[in-house]
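As structure tokens, the structure follows; a few thoughts come after it.
As the structure is a prediction and not an experimental result, all values here were calculated from the model.
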Amino acid sequence: MSSDDGVSGLTGLGRRHGAGAGRQECADAPAVEVSHLAKDFGGRAAVADVSFSVARGEVFGFLGPNGAGKTTTVRMLGTLVAPTSGSAAVAGIPLAPEKGVEIRRRISIVPESPGLYLQLSVAENLECFAGLYEAPDPGDRIDRALRAVSLADRAHDACGALSKGLRQRVALARALLSDPQVLFLDEPTSGLDPVAARDVHELIAALSRSGVTIFLTTHRLEEAERLCDRVAILNTTLRTIGRPDELRDQLFARTLTVRTLLPLTQPGRVFANLPAVDSWHQDGSDAYVLAVTDPVAAAPAATQALVAADADVLSISESRHSLEDVYLELINEDEEASRR
């Protein structure tokens, strides 16, 4: 997939469609703003008192276990279901029944299942949806959308003959026809092989660079960590929100792992009173984990102490918790709380 072709096609779409004017009018307002949003089904809370905002042009990850309320939240923001309480604004427009059409003109939603007409060709699918969107210059817009997802050479292929990864790209091309200000992607790489998933990742990055706000729900935590500026973890209520590195620092102490060729004879003497080292413990016979306040200050001091102790140092490295660690920590807390 050519990233240059994709960016060119996306830029062209933005220039030629009237929705771009709306972006300039409310450029300072968040792309999505949610305040105390809630949704009940039959007395059961699917989403409870959720508040957050998404900046324009941001890739925002929305994470949580099955049944956490992610899809319900997207359906509310996409005007498909009405909230029980709370308020929101999408693309600068208040979420209200009478504003539904106006909001839908400025967003696109790509569900996990692309929902294409498999008997029709790629171009015929896009022609159908361009007509529903009442897109100006539909032929030109379809051509640009196909180039944006590197499918111009497959325009006349039946969708049913395409791989799942290619069908997902057709769904993304369909979403681009309306030049959305906010693009909701629900598990866009579910079931895709690594090459197809990489292509989708490249397209998401290109869309973000072109100014489109991406609201991404995914179970692939490494995907969220790679793509998202910020993430929110939902489990009916909002558990946390922030940049992945911020969330790691909030939940986990920073540590250095020291590995030596042979066990230290007096590790307590080596690691005692080192700058920026709060505590230490041994992990196995030849590894030592130091809890530190500042790895940049602690690592040189630890190195000097080890050299002074004639230790054969194999490595000193900062331990890095992943977004998956953050996610599992919070979800496990919820599970433990529910058992009490």
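The list of salt bridge (Lys or Arg N to Asp or Glu O under 4.0 Å) pairs with a residue in residues 250-262, not counting sequence neighbours, reads Arg254-Glu318. Screening residues 281-310 for salt bridge (Lys or Arg N to Asp or Glu O under 4.0 Å) gives no qualifying pairs among residues at least two apart or on separate chains.
With contacts defined as side-chain heavy-atom distances shorter than 4.5 Å, the pair Ile331/Pro65 qualifies. Using a 4.5 Å heavy-atom cutoff, the side chains of Leu176 and Arg141 are not in contact. Leu221 places a side-chain heavy atom less than 4.5 Å from the side chain of Leu63. Annotation: side chain of Thr73 is not in contact with side chain of Lys70 (no heavy-atom distance under 4.5 Å). Using a 4.5 Å cut-off on side-chain heavy atoms (C-beta onward), Thr240 and Leu330 make contact. For the pair Leu162 and Val170, the minimum side-chain heavy-atom distance is below 4.5 Å. Counting heavy atoms from C-beta on, the side chains of Val212 and Ser210 come closer than 4.5 Å. Looking only at side-chain heavy atoms (C-beta outward), Asp186 and Ile109 stay at 4.5 Å or farther from each other.
In the hydrophobic clustering, where aliphatic and aromatic side chains (Ile, Leu, Val, Met, Phe, Trp, Tyr) are joined below 4.5 Å either directly or transitively, Leu261 groups with Leu262, Leu314. Other members of the cluster containing Val289 do not exist, because no ILVMFWY side chain is joined to it at under 4.5 Å. Through side-chain heavy atoms spaced under 4.5 Å, either directly or across other Ile, Leu, Val, Met, Phe, Trp or Tyr residues, Leu306 is tied to Leu256, Val258, Leu264, Val270, Phe271, Leu274, Val277, Trp280, Tyr288, Leu290, Val292, Val313, Ile316.
Side-chain polar atoms of Glu112 and Ser190 form a donor-acceptor pair below 3.5 angstrom. For the residue pair Ser178/Ser108, the side-chain donor-acceptor check at 3.5 Å is satisfied. Defined by atom type and a distance below 3.5 Å, a donor-acceptor pair is missing between the side-chain atoms of Asp312 and Thr260.
A donor-acceptor contact shorter than 3.5 Å links the side chain of Asn125 to the backbone of Ser121. No donor-acceptor pair closer than 3.5 Å links the side chain of Gln181 to the backbone N or O of Ala31. Ser51 places a side-chain N or O within 3.5 Å of a backbone atom of His36 that can act as its donor or acceptor partner.
Taking SG of Cys159 as the start and CG of Leu116 as the end, the distance is 5.0 Å to the nearest 0.5 Å. One distance of note links CZ of Arg239 with OG1 of Thr237; it measures 6.0 Å at 0.5 Å rounding. Taking CG of Leu183 as the start and CG of Leu216 as the end, the distance is 9.5 Å to the nearest 0.5 Å. Expressed to the nearest 0.5 Å, how far OG1 of Thr218 lies from CD1 of Ile204 amounts to 8.5 Å. Between Asp137 atom CG and Ile142 atom CD1 the span is 11.0 Å, to the nearest 0.5 Å. Atom CG in Leu192 sits 10.5 Å away from atom CD in Glu187 (nearest 0.5 Å).
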* Starting from the C-alpha separation in whole Å, work towards a yes-or-no answer on side chain to side chain contact (heavy atoms under 4.5 Å, CB included) for Leu185 and Ile214. => CA-CA 7 Å; Leu185 300 177; Ile214 308 294; 3.8 Å; yes

* Step by step, would you call Glu127 with Glu124 a side chain to side chain contact (heavy atoms under 4.5 Å, CB included)? -> CA-CA 5 Å; Glu127 288 166 4; Glu124 287 169 339; 4.2 Å; yes

* Stepwise side chain to side chain contact (heavy atoms under 4.5 Å, CB included) test for Arg106 and Val182 -> CA-CA 7 Å; Arg106 300 191 184 201; Val182 184; over 6 Å; no

* For salt bridge (charged side-chain N to carboxylate O under 4.0 Å, His left out), just list the numbers for Asp199 and Arg169, CA-CA rounded to whole Å, side-chain angles, deciding distance to a tenth of an Å, and then say yes or no. => CA-CA 9 Å; Asp199 288 346; Arg169 279 157 61 181; 3.2 Å; yes

* Run the side chain to side chain contact (heavy atoms under 4.5 Å, CB included) check on Leu166 and Val122 step by step: do they pass? -> CA-CA 10 Å; Leu166 292 179; Val122 171; over 6 Å; no

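When all heavy atoms are compared, the tightest approach of Thr255 to Ala291 is CG2-CA, 4.2 Å. Scanning all heavy atoms of the two residues, the minimum distance from Tyr133 to Arg174 falls at CE1-O, 3.5 Å. Closest approach of Ala145 and Ala173 over heavy atoms only: CB-O, 3.6 Å. The shortest non-hydrogen separation linking Ala45 to Thr236 is O-CG2, 3.7 Å. The two atoms that bring Phe60 and Ser53 nearest to each other are CE1-O, 4.3 Å, heavy atoms only. The heavy-atom pair separating Leu177 from Ala130 by the smallest distance is CD1-N, 3.9 Å.
Remark: Phe184 pairs with Phe215 by the ring pair (Phe, Tyr, Trp, His ring centres under 6.0 Å) rule, at least two apart or across chains. Residues satisfying the salt bridge (Lys or Arg N to Asp or Glu O under 4.0 Å) test with Arg230, not counting sequence neighbours, are Glu58. Judged as a salt bridge (Lys or Arg N to Asp or Glu O under 4.0 Å), and not counting sequence neighbours, Arg220 has no contacts. For His281, there are no side chain to side chain donor-acceptor pair (under 3.5 Å) partners at least two apart in sequence or on another chain. Evaluation of the salt bridge (Lys or Arg N to Asp or Glu O under 4.0 Å) rule for Glu222 yields no partner, not counting sequence neighbours. In this view, Arg154 and Asp157 satisfy the salt bridge (Lys or Arg N to Asp or Glu O under 4.0 Å) rule, not counting sequence neighbours.
Crowding of Asn273 atom CG: a count of heavy atoms from other residues, nucleotides or ligands under 6.0 Å not exceeding 12. For Tyr117, the OH atom sits in a loose shell: 12 or fewer heavy atoms of surrounding residues, nucleotides or ligands are nearer than 6.0 Å.
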For residues 75-101, run the donor-acceptor check on the side chains, cut-off 3.5 Å, and write out each pair with its distance to 0.1 Å, sequence neighbours left out.
from, atom 1, to, atom 2, distance (Å)
Thr79, OG1, Arg104, NH1, 2.6
Thr84, OG1, Asp40, N, 2.9

